[in-house]
Amino acid sequence: MFFNTLSGRFLLLTTAFVMLAEVLIFVPSVARFREDYLLSRLERAQLASLALLATDEMIAPELEAELLSNAGVFNVVLRRDQVRQLVLSSPIPAPIQATYDLRDAGEWELIRDALACLIDPENQVIRVIGDPVKRAGLLIEVTMETAPLRDEMIAYGIRILLLSAVISVVTAFLLFLAVQRLLVTPIKRVVRHMSAYADAPEDARRIIEPEARVAELREAEDALQMMQKQLTGALKQKERLAQLGGALAKISHDLRNILTTAQLFADRMEASKDPAVQRAAPKLVGSISRAVNLCEATLAFGKAEEPPPRLGRFMLSGLVSDVVDSERLSANAAHIDFVIDVPPNFAIRADQEQLYRVLTNLVRNARQAIEATGEPGTIEIGAGEDESEWWIRVGDTGPGLPEKTREHLFQAFQSGGRKGGTGLGLAIAAELVRGHGGTLMLVRSDAAGTEFMLHLPKTVGAADHAPAPDATPAVGA
């Protein structure tokens with residue numbers, strides 16, 4: 001199992017690569033060893049020859065044999081002053097098989113001859129030619145056997161291989177320790193943190209704290225930390241939403257009962273003869289009815305989505321007027337001008353109650369933004385159509401949306417642009433519009449004000465192709 005780990009495989013690869021490098025060095029080294037061996041034989045033969053040339057007397061055959069034996073050759077030939085002279089000689093046991101001239105031998109030639117010597121186990125007699133030491137003549141030539149040379153080359157090769165093996169093991173072990181410290185240990189730490197975090201992702205204490213000193217591992221830890229923080233935040237938000245949903249269902253249930261009673265009293269007010277009451281009663285009844293419907297829709301929220309729209313044709317101007325009349329009741333709305341640019345006979349096909357909620361959210365946000373400045377302002381609602389869609393525009397002269405708010409404009413609990421806001425209004429509005437197969441997008445938001453555009457398709461099947469619930473139109477589209 002060790003060699004299936006990162007450390008084990010790195011150890012094997014390091015050993016293999018070092019051995020490969022040593023093998024590549026081994027062949028030139030053996031070739032150089034052979035050359036040095038032959039040059040040493042030439043040098044010994046030259047020294048023996050010079051000792052003989054120093055005297056004019058004949059030497060005993062025993063001394064000549066001893067000199068040749070010490071030099072490791074059979075005979076020695078010197079060429080001096082254009083004269084080739086056999087200085088030392090002895091019987092050659094076999095014919096000369098090859099001649100090697102070391103004076104102009106290249107690297108590849110030396111490597112080739114060395115490999116041939118190692119491969120051929122037969123003992124042969126060869127002639128070797130070289131330059132004399134200190135230029136004591138034109139050249140020196142000796143004959144010798146290859147068996148001693150091959151034995152020395154094999155012994156040298158074994159020493160090189162053993163040394164290479166030791167170097168490989170030591171290098172691999174040191175690199176193994178380095179990898180353990182720099183890579184394996186930090187990776188194991190990340191794995192431990194991931195396992196611990198997986199057991200309790202809601203626990204923020206289990207989020208990893210980056211400590212790696214290697215740049216790539218540090219980037220991985222930073223990315224893991226960011227992902228864990230986002231996931232922990234999302235899980236906590238979902239938990240809060242679940243708790244909020246349970247509480248909201250209970251509140252909506254009781255509120256529906258209260259509003260039902262209020263609706264009964266409002267119905268009786270319609271029978272009043274007071275002109276002021278007769279004018280206000282229909283609007284009061286309409287508001288209470290919408291509140292009751294909203295409570296019932298909240299109780300049905302267990303499906304985690306808004307109910308499908310009940311499409312019908314109606315005049316948009318009346319709906320817009322109801323929205324504006326409701327917003328004018330605000331205590332601080334006296335200095336806000338509402339401009340309605342909707343033709344009286346402009347008909348639209350949509351769910352009237354859901355579209356009322358959409359426009360209420362947009363207009364209320366605009367009103368609250370202007371009120372927060374303490375300055376007068378204008379809210380304009382316009383509408384139009386072309387061959388494929390209806391469009392509704394809601395604009396204001398408020399201070400515009402902050403940059404941070406625009407980043408999460410249609411996400412629940414993320415886009416509250418004012419103090420005390422929940423960030424639910426635009427998220428609900430966008431979801432209701434998507435249910436119609438349309439889009440709600442921010443056209444502009446700057447110091448001159450904010451403008452939203454609502455698009456509703458005219459085709460009946462458009463709702464079937466509505467964007468996914470999490471699809472958010474691009475800001476500034």
Side-chain angles (χ1 to χ4, degrees), residues 1-18 169-248 301 304-305 401-424 426-428 430-431 467-476:
M1 293 297 294
F2 170 74
F3 293 109
N4 288 331
T5 63
L6 178 63
S7 301
R9 294 189 176 184
F10 190 83
L11 180 63
L12 286 177
L13 288 176
T14 302
T15 304
F17 289 153
V18 172
V169 172
V170 173
T171 304
F173 179 71
L174 293 177
L175 288 175
F176 170 77
L177 295 180
V179 170
Q180 280 286 117
R181 180 175 180 84
L182 297 177
L183 293 177
V184 177
T185 301
I187 290 176
K188 288 183 177 179
R189 174 178 174 271
V190 172
V191 172
R192 289 196 302 271
H193 274 283
M194 293 175 65
S195 300
Y197 180 79
D199 293 336
E202 301 89 354
D203 190 354
R205 296 173 300 176
R206 302 196 179 195
I207 296 177
I208 189 173
E209 290 294 336
E211 296 179 359
R213 299 179 181 179
V214 181
E216 291 79 4
L217 289 175
R218 185 57 178 259
E219 291 178 2
E221 290 184 350
D222 290 338
L224 178 61
Q225 183 189 50
M226 182 179 299
M227 182 191 69
Q228 289 177 339
K229 286 183 177 180
Q230 293 175 350
L231 180 58
T232 299
L235 290 174
K236 288 184 177 180
Q237 181 178 352
K238 289 183 181 297
E239 183 180 358
R240 289 196 299 269
L241 288 175
Q243 296 173 353
L244 177 62
L248 186 60
F301 195 69
E305 58 182 9
L401 295 171
E403 181 67 27
K404 184 177 180 181
T405 300
R406 293 201 293 269
E407 293 176 359
H408 307 283
L409 192 60
F410 298 102
Q411 296 180 18
F413 302 102
Q414 298 290 331
S415 60
R418 61 182 177 82
K419 184 177 180 181
T422 62
L424 274 174
L426 288 177
I428 293 173
E431 182 179 354
D470 59 346
T472 302
V475 174

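Values below: all heavy atoms of this structure, side chains included; hydrogens, waters and symmetry mates excluded.
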Partners meeting side chain to side chain donor-acceptor pair (under 3.5 Å) with Arg205 (sequence neighbours left out): Asp203
Residues which pass salt bridge (Lys or Arg N to Asp or Glu O under 4.0 Å) with Glu403, listed by chain and number, not counting sequence neighbours: Arg406
Minimum heavy-atom distance Pro210-Arg218, with the two atoms named: CB-NE, 3.2 Å
CE on Met226 to CD1 on Ile207, rounded to 0.5 Å: 12.0 Å
Qualifying side chain to side chain donor-acceptor pair (under 3.5 Å) pairs with a residue from residues 220-233, counting only residues at least two apart or across chains: Arg189-Glu221, Tyr197-Thr232
